[in-house]
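Before any comments, here is the structure.
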Amino acid sequence: MKKELTKKTKDKVVSWDKHLDKKYGIRGTASRLEFETKSQTFILGELLKDEREKANLTQAEMAERTGTKRSYISRIENGRADIQLSTLYRLIEQGLNRKLELTIH
């Protein structure tokens with residue numbers, strides 16, 4: 001059973017989905033898609049940053065291992081850069097010496 005996130009506003013409780021619908025539009029609209037894309041970019045950047053830090057690597061070391069620039073690693077970690085799948089694999093497999101597996105839901 002999926003637990004629904006809620007947000008309390010004054011005297012009523014609003015589900016998280018309803019909050020997002022109100023703020024960014026319903027699923028499928030351009031504004032909601034933009035929000036969801038930016039959210040996923042941010043999450044991916046945070047995951048990469050956490051894994052890099054767990055591996056005790058600086059951004060410069062990660063860039064050197066993967067043939068990129070430190071500034072690019074920084075932009076990815078801060079959610080300000082789109083990343084190609086091939087680059088993501090390189091960052092995970094060469095930079096972190098880990099294995100990347102993708103799942104589609």
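The figures that follow rest on heavy atoms only: side chains count, while hydrogens, waters and symmetry mates do not. The first residue of the sequence shown is numbered 1, and numbering continues consecutively from there.
- Taken together through direct or relayed side-chain contacts under 4.5 Å among Ile, Leu, Val, Met, Phe, Trp and Tyr, L48 and L102 form part of one hydrophobic cluster.
- Minimum heavy-atom separation, A55 to L96: CB-CD2, 4.1 Å.
- In this structure, the separation between CD on E61 and CD on Q59 is 11.0 Å, given to the nearest 0.5 Å.
- Distance CD1/I73 to CD/E64: 11.5 Å, rounded to 0.5 Å.
- Side-chain contact check for S74 versus R80: some heavy-atom pair is nearer than 4.5 Å.
- Judged by distance alone, the side chain of R32 and the main-chain N or O of G25 form a donor-acceptor pair under 3.5 Å.
- Residues T68 and I76 have side chains not in contact (no heavy-atom distance under 4.5 Å, counting atoms from C-beta outward).
- Screening residues 85-96 for side chain to side chain donor-acceptor pair (under 3.5 Å), with sequence neighbours left out, gives no hits.
- A side-chain donor-acceptor contact under 3.5 Å links T37 to the backbone of L33.
- Summarising the geometry, atom CD belonging to E53 is positioned 7.0 Å from atom CD belonging to E77; distances are rounded to the nearest 0.5 Å.
- Atom CZ in R52 sits 11.5 Å away from atom CZ in R65 (nearest 0.5 Å).
- No single ILVMFWY cluster, assembled from side-chain heavy atoms under 4.5 Å apart, contains both F42 and W16.
- In this structure the side chain of T41 never reaches within 4.5 angstrom of the side chain of I83, judged on heavy atoms.
- One finds the CZ atom of R75 at 10.5 Å from the CG atom of D82 (value rounded to the nearest 0.5 Å).
- In summary, K49 and E46 do not engage in a salt bridge, as defined by a charged side-chain N under 4.0 Å from a carboxylate O.
- Separation of atoms CD1 (I43) and CD (E36) is listed at 10.5 Å; rounding is to 0.5 Å.
- Hydrophobic clustering, with ILVMFWY side chains joined whenever heavy atoms are under 4.5 angstrom apart, groups L91 together with L100.
- Under the ring-ring contact (aromatic ring centres under 6.0 Å, His included) criterion, Y24 pairs with F35, not counting sequence neighbours.
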